[in-house]
Colleague: 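First, the structure itself, so that you have it in front of you.
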Amino acid sequence: MLLDPLRDPQDMPAALTCPKCGGEMYAGETMFEVDGRMLCPDCFEAWFQAFYSTSPALFADALGCRAEKIGG
């Protein structure tokens, strides 16, 4: 099924809602799985920022990046 490229996705019914914020998600939008639950882009960004702010070293490790303390 091809959709009209000029359509407003918000004129269509929401495909689902974000379990964290309740925001409506529409067909073609992206959700992110974190700790077993799907988040909308806004909630994912908030999680991402909070994770980084809590521990940049743990964040780097989760990304597979090396973190190194400088000096003695």
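Values in this document were obtained by computation on a predicted structure and should not be read as measured data.
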Colleague: Measure the spacing between CE of Met25 and OG1 of Thr30 and express it to the nearest 0.5 Å.
Modeller: 7.0 Å
Colleague: Please tell me whether Met31 and Val34 are part of a single hydrophobic cluster in this structure, the criterion being side-chain heavy atoms less than 4.5 Å apart.
Modeller: no
Colleague: Can you tell me how far apart SG (Cys40) and CD (Glu45) are? Round to the nearest 0.5 Å.
Modeller: 10.0 Å
Colleague: Quick one: pull up CZ in Phe51 and CG in Asp35 and give me the separation to the nearest 0.5 Å.
Modeller: 9.0 Å
Colleague: Checking Gln49 side chain against Ala46 main chain: does a donor-acceptor pair fall under 3.5 Å?
Modeller: no
Colleague: Would you mind listing every side-chain hydrogen bond (donor to acceptor under 3.5 Å, both in side chains) that reaches into residues 50-71, with sequence neighbours excluded?
Modeller: Arg66-Glu68
Colleague: Where is the tightest heavy-atom contact between Leu39 and Cys18, given as atom of each residue plus distance?
Modeller: CA-SG, 4.2 Å
Colleague: Going hydrophobic residue to hydrophobic residue with side-chain gaps under 4.5 angstrom, can you get from Phe44 over to Leu58?
Modeller: yes
Colleague: Are Met38 and Phe32 linked, directly or through intermediate hydrophobic residues, by side-chain heavy-atom contacts shorter than 4.5 Å (ILVMFWY only)?
Modeller: no
